[in-house]
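Structure first, then comments.
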Amino acid sequence: MEPRSKRRKASAADPDSWIAYPVLSAEQSQDVELVDAFAAPIVDRKETSRLVRELNVLYPLNGLQHVKRVRARKDEGGAGAHPLEVLVCRVSDAPSTLLPPGGAKWVGLGEPFVVQVPARPPLTRPQFEAASRRWPTSFHEDKRVTVALRGELFSSRQKAAMHRFMASALTAAEAARQLGMEAVGAVVVDPEKERIVAVGHDCRGEHPLHHAVMVCIDLVARSQGGGSYCFDRFPNCRFASPNDLSAPGPYICTGYDLYVTREPCVMCAMALVHSRIGRVFYGAASADGALGTKFKIHSQKDLNHRFEVFRGVLSGPCEVLDGFRKEIKE
Amino acid sequence: MGTEEGRKTDLLESFCPNDEEIEKWMCCAFEMARDALENGEVPVGCLMVYEDEVVGRGRNEVNETKNATRHAEMVALDQVLDWCRHNNLDVRHTCEQTVLYVTVEPCIMCAAALRLLNIPVVAYGCRNERFGGCGSVLDISSADLPHTGTAFKCVSGHRAEEAVEMLKTFYKQENPNGKKNNRFLLFRHVWQFFFHLFVLFYENG
Ligand SMILES: [Zn+2]
Ligand SMILES: [Zn+2]
């Protein structure tokens, strides 16, 4: 779609030079939240299963189902330490008498003490590992998230395609820079057909709200027979003409991917929610960015559409472009 | 530099519409919303006022443009920009003294757009529980975003129940469409579905 010389320049770095990491939700990325609970050593190991049964009846651990009832102490050999400990209840749930008098019921249980246990089930492997250091925790692993966090979600074939799309966005960004606009470019892609639906760049010089993403959204609308603006005078703002597409397009951006050189601002991020974008890939983070830096609008609770976001695609060249912008400003 | 900044701060601090102005312009916004309702459109009224003159007004244009960002506020902001161009006025200077009157709290996107154009005050009727950017979902109006224009002040609650009622009426009206019976209906049906999706967020949940 763009001149060969420029494409070669934008693709100077190869797909192995960058890694795409997922931008997870606040809940997925936060530190493990802890809650105070009473635990007690099991002084007579033979009583373990009976004690667990008794405690399950007395304190069912509602809301703490992700925490294991019993833990084996690692420092088993330590002086005076008992190898097994059992969770009694949350401190906030404890009555004044922790264990009601029950004759033989509590035989084999030692003196209760306070521990901190994870308050919520872990959502990611890093959260699981951090939680397990506090108290043994069960984990329903989303393998896809684990692989994504290792930066290994995309095959080399997929990465080559992602590289190509971001290179187009970079070409558009470079064109914007030469026009005196902000050096930001974006590309909307139909991932099933692996084809570009629209390419656009920042046009803030013409209209203060024409950020690259807003331009692209309107270009997609034009490709579907709508649209509010005309960007024909900018050769690097283009859309695939409707008769070009064999089937009628989806509703707005449903199922489409967006590649953008810089993390979108709040306006652009919310515009992508309204447009039902499928996934967003960006190169460089931005100071007021709304897809990871200041907000995570793609995973904001209460909003009716969520989408996946990956950062770091062609991060090197995208950051260089951004650096250039900062230099101009200073 | 220092005096310039000082002048701006003074301007922003002293710049806020009085009750009378709010009453008057919100009345216009409500008239627009009612007019939209009577014509089967999303009942949101929105106008932008600079020095006692309406310099922008808008209604939702999402369906006809197939662009989901064409909210009433975005349409009105475009008119303000055109008005500035036409009158040869500086955009920033004009926007810094322009008030938005709108029957429903602006969404997150529109709130950010208002910041980017340095609109200092927004008066709105009811909350927007689904997408609101002035506190209902996120507070973009006052968030610490040094690279996203300037924070703005909100005056909310003016005739809020009325704004909600209009949205509810609209939503109820749009539902029973079983009476119509032509080929156009299927097409209309599909668009109405998305129309409803869009309307949902204006309905105070
Ligand atoms: Zn933006
Ligand atoms: Zn809006």
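To find a chain, count down the sequence lines: A is the first, B the second, and so on, and within it residues start at 1. Only this structure's heavy atoms are used, side chains among them; waters, hydrogens and symmetry mates stay out.
The contact between B/Arg85 and chain A is made entirely by side chain atoms (from C-beta outward), counting heavy-atom distances below 4.5 Å. Interface residue B/Thr69: only side-chain heavy atoms are found under 4.5 Å from chain A. Of the two parts of B/Leu145, the backbone and the side chain both hold a non-hydrogen atom closer than 4.5 Å to a non-hydrogen atom of chain A. Looking at B/Ala111, there are no atoms closer than 4.5 Å to chain A (heavy atoms on both sides), in backbone or side chain.
Summarising the geometry, atom CZ belonging to B/Phe131 is positioned 10.0 Å from atom NE2 belonging to A/His305; distances are rounded to the nearest 0.5 Å. One finds the CG atom of A/Asp218 at 7.0 Å from the CZ atom of B/Arg70 (value rounded to the nearest 0.5 Å).
By the 4.5 Å heavy-atom criterion applied to side chains, A/Ile297 and B/Leu138 are counted as neighbours. Side-chain contact between A/Phe295 and B/Ile108 is absent, with no heavy-atom pair separated by less than 4.5 Å. Considering only heavy atoms from C-beta on, B/His147 stays 4.5 Å or farther from A/Ser286 through its side chain.
Dense packing is recorded around CD of B/Glu64, with more than 12 heavy atoms of other residues, nucleotides or ligands lying under 6.0 Å away. The 12-atom threshold is not exceeded at CD of B/Glu161, counting heavy atoms of other residues, nucleotides or ligands nearer than 6.0 Å. With a 6.0 Å radius and a threshold of 12 heavy atoms from other residues, nucleotides or ligands, A/Asp31 has its CG atom at or below the threshold.
By a heavy-atom distance cut of under 4.5 Å, A/Val266, A/Met267, A/Met270, A/Ala271 are the residues of residues 265-272 of chain A near chain B, going up by number.
Across B/Asp144 and A/Lys294, no two heavy atoms sit closer than the pair O-NZ, 3.0 Å. Closest non-hydrogen pair, B/Ala68 versus A/Ile252, comes out as CB-CD1, 3.6 Å.
Side chain to side chain, B/Asn67 and A/Ser228 fail the donor-acceptor criterion of an N or O pair below 3.5 Å.
A side chain to side chain contact (heavy atoms under 4.5 Å, CB included) with A/Pro208 is found for one member of B/Leu116, B/Leu77, B/Leu81 and no other, namely B/Leu81.
No donor-acceptor distance shorter than 3.5 angstrom exists from the side chain of B/Lys66 to the backbone of A/Val220, with no hydrogens or angles considered.
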